[in-house]
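A quick write-up on the structure given underneath.
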Amino acid sequence: MTDRHHLLVHGATFAAVGDRGDISGVRGSGSPDGLFVRDARHLSRWQLTLDGAVPEVLTPVADGDAARCVLVPRGGRQEPPAHTVFRHQAVGDSSFVESLRVTSNRPVPTTVRLAITADADFTDQFELRSDHRTYVKPGAVRSREVTDDGIEFTYRRAEWRSRTAITADPAPDAVEETGTGARRLVWSLDLPAHGTTELVLRVIARPHGERRALRVPRDPAAVQEQRLALEGQFVEGVAFPTGWPELAEACARGLADLAVLQVPATGPDGEELRVPAAGAPWYLTLLGRDALLTSLFALPYRPQPAAATLLALAAAQATGSGPSPVAQPGKIVHEVRHGELAHFGQVPFGRYYGSVDATPLFLILLGAYAERTGDADLARRLEPHARAAVGWMLDHGGLTSRGYLVYRADEGGLANQNWKDSPGAICCADGTRPSGAVMAAGAQGYAYDALRRTAWVARTMWADETYAALLEQAAADLRDRFQRDFWMPERSFPALALDGRGSRIDALASDAGHLLWSGLLDKEYGEQVGRRLLEPDFFSGWGVRTVAAGQPAYHPLSYHRGSVWPHDNALITLGLARYGLHDEARTVAHALVDAATAAGYRLPEVLAGYGRDTHPEPVPYPHACVRESRSAAAPLALLTAVGGA
């Protein structure tokens, strides 16, 4: 496929369309192509033809919250186009809406045959990943049924049921078979001289288990009205910095993106919630770490996502060892999936607990939320969940037996279970990977902060002084151990991790900045680390690299070994400010805001690690999520760290 993909997002629904508004369904194109709801593709083909031919693009779809393009029949200078098609598409909740306005360019009546070829293959999103895995689906059946005003596609496998219904106004003149499973909706449009006619097509997706009475918006304009109202609710009342308009724009853009990245979730008592999804296209679902960090960044300005995230994660907290060894009592879920493969256990991510840091981050958010809002009711309601989370850290997590939070590669799941979770992300400076148990530095910082914050909640809102004192002592002991075991005196920098033997994994990595955010390092060590992160091998001019350049492990286009992550840099900026390194904090903040300004004030998930001194524009990382909640909230963290400076 040569078209670029343009992403339209609304909650748990997204569509990726090409430059002419089409969906081709081609696999292996690097990003998913289609209409997706809850991990399943509900439109795999959506292609427009005029008089049997693919039209030319006069104006391609531009990146934005709706897709608009202008198309004309193929021709040449000697035969100007007989008509022009103005295409407008938008995505709503479990829906996709398109208006087609066809205008005649001739002074006499004319007829045009317009067709939309549509199909729904209901492919699980995991099948479209670049690892090219295949999955057996015994007994799966797809069917198609023509209706009065369109067509309905259905998928069945055992108890699994999914549907996609397409309706049109006016109804198509015919619905034709194509020989491929797709169906072609056809209209014969009679256009008066210089006249115009309009069609509206509506697609509604019903994933397995969907019981809501879904309503499709009347047209794309109605979808945009709903989106603008939702974005307004998130932006309203936030005081943006007047002295730094670029940061103000990035904050406003981030809040608007967070508004449409809210996905449904369920609380401990079955209450319906909306929580931040991780990002589109691949992670439009609840990921514990991502939702927690997003909520922390947004907390001073929008506390509602924090409360919803805490409740949703409490509801999904592990209560006993399940079929997977990583589902241990008290552990906070890493990832929740709703697709067919997760339902049948063919991928482990239905409820997947392969994260070493979601549990301490849950406690950090609970403490920060309680302190910020004074909401003692929620703090008391979640007391059993918080105590269970602390229990996991001390027992299964390894704090008592090993002195640190520990993880091991999960067969069939994730090799690394800290925030840098790609294979090979935890490595020595020469690029070699550890085997066996891993104790990642950043997770120890989170554990320290979690113990201290939970101690404050226990003392202030649970009236349990004894428990608070125990947690404070555990935090102090962890701090002493860490500075003894992780600090590399020859480099004046902490190790990225320890291996199972306690040997230091010596890559110089940005995770050290997370230790500033959590306050784990003493003042002298913290100041050394903060200043080191601003040296040229670490600082690209757009932010701090995940791995410092000059090491054999470094690669500017590696996911976690040389790239620049906005949320990583937001944590670093908060940490620099915490240690009084305000000039350094402003330097990182200005770099990130400049990167956002270069991309319409929207920060991507990750940037390549190339330096600003060699390339004057940020270089995108090729497989980054276009919309990512942590990056959307990162400007808010910068505002917290440095204000409007």
Side-chain angles (χ1 to χ4, degrees), residues 230 233-234 236-239 255 258-259 261-277 286-319 329-333 336 351 357-394 446-447 449-472 474-475 518 629 633 636-637 640:
L230 186 62
Q233 293 173 11
F234 265 68
E236 185 180 2
V238 177
L255 283 166
L258 286 177
L261 284 170
Q262 304 296 302
V263 296
T266 304
D269 297 326
E271 64 270 42
E272 294 182 358
L273 305 166
R274 306 287 288 188
V275 298
L286 174 62
L287 266 66
R289 178 192 303 123
D290 299 61
L292 288 161
L293 287 172
T294 299
S295 299
L296 277 162
F297 292 166
L299 177 60
Y301 314 97
R302 279 285 172 265
Q304 299 92 331
T309 294
L310 288 166
L311 289 167
L313 292 176
Q317 187 176 29
T319 56
K331 201 173 189 183
I332 295 300
V333 72
V336 178
R351 275 194 182 182
D357 50 15
T359 306
L361 285 171
F362 173 83
L363 294 168
I364 291 170
L365 180 61
L366 177 60
Y369 174 83
E371 184 176 6
R372 180 79 191 184
T373 65
D375 188 349
D377 289 341
L378 186 65
R380 286 191 286 267
R381 181 183 177 190
L382 294 181
E383 180 179 352
H385 302 279
R387 288 179 182 266
V390 171
W392 176 83
M393 289 200 305
L394 294 173
Y446 302 161
D449 197 15
L451 291 168
R452 286 176 55 83
R453 288 184 185 271
T454 308
W456 180 86
V457 173
R459 178 175 290 113
T460 306
M461 298 187 174
W462 302 342
D464 192 337
E465 176 62 38
T466 301
Y467 189 60
L470 287 171
L471 298 185
E472 287 173 337
S518 62
S629 62
L636 300 172
T640 300

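Just so you know, residue 1 is the first one in the sequence shown, and it goes up from there. Note that the coordinates shown come from a computational prediction; the quantities given were computed from them, not determined experimentally.
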Non-neighbouring partners of [X] that pass side-chain contact (heavy atoms from CB on, under 4.5 Å), sequence neighbours left out:
X      : value
Ala315 : Pro268
Pro384 : none
Leu366 : Leu310, Leu382, Ala386

Which atom of [X] lies closest to which atom of [Y], heavy atoms considered:
X      : Y      : result
Phe362 : Ala389 : CD2-CB, 4.4 Å
Trp456 : Gly367 : CZ3-O, 4.2 Å
Gly330 : Thr359 : O-CG2, 3.9 Å
Ile364 : Tyr446 : CD1-O, 3.5 Å
Ala265 : Ala312 : CB-CB, 3.8 Å
Ala306 : Tyr369 : CB-CD1, 3.9 Å

Partners of Arg380 by salt bridge (charged side-chain N to carboxylate O under 4.0 Å, His left out), sequence neighbours excluded?
Asp377

Only counting residues at least two apart or in another chain, list the ones meeting salt bridge (charged side-chain N to carboxylate O under 4.0 Å, His left out) with Arg459.
Glu465, Glu472

Separation between [atom1] of [X] and [atom2] of [Y], rounded to the nearest 0.5 Å:
X      : Y      : atom1 : atom2 : answer
Ser518 : Leu451 : OG    : CG    : 11.0 Å
Leu365 : Leu313 : CG    : CG    : 8.5 Å
Gln304 : Leu299 : CD    : CG    : 10.0 Å

Between Tyr467 and Arg387, is there a cation-pi geometry (under 6.0 Å to ring centre, at most 45° from the normal)?
yes

Passes side-chain contact (heavy atoms from CB on, under 4.5 Å), Leu292 versus Asp357? Steps please.
CA-CA 10 Å; Leu292 288 161; Asp357 50 15; over 6 Å; no

Side-chain heavy-atom pair [X], [Y] within 4.5 angstrom cut-off:
X      : Y      : answer
Thr640 : Tyr301 : yes
Glu371 : Arg453 : yes
Leu311 : Asp269 : no
Leu363 : Met393 : yes
Arg372 : Pro300 : yes

side-chain hydrogen bond (donor to acceptor under 3.5 Å, both in side chains) with Glu271: which residues, sequence neighbours excluded?
Arg381

Per the side chain to side chain contact (heavy atoms under 4.5 Å, CB included) rule, which among Leu258, Thr309, Val275 passes with Thr294?
Leu258

Flag if over 12 foreign heavy atoms under 6.0 Å of CZ, Arg452
no

Would you find a donor on one side and an acceptor on the other, under 3.5 Å apart, between the side chain of Gln317 and the backbone of His385?
yes

For Phe234, is there any backbone N or O sitting under 3.5 Å from a side-chain donor or acceptor partner on Arg302?
yes

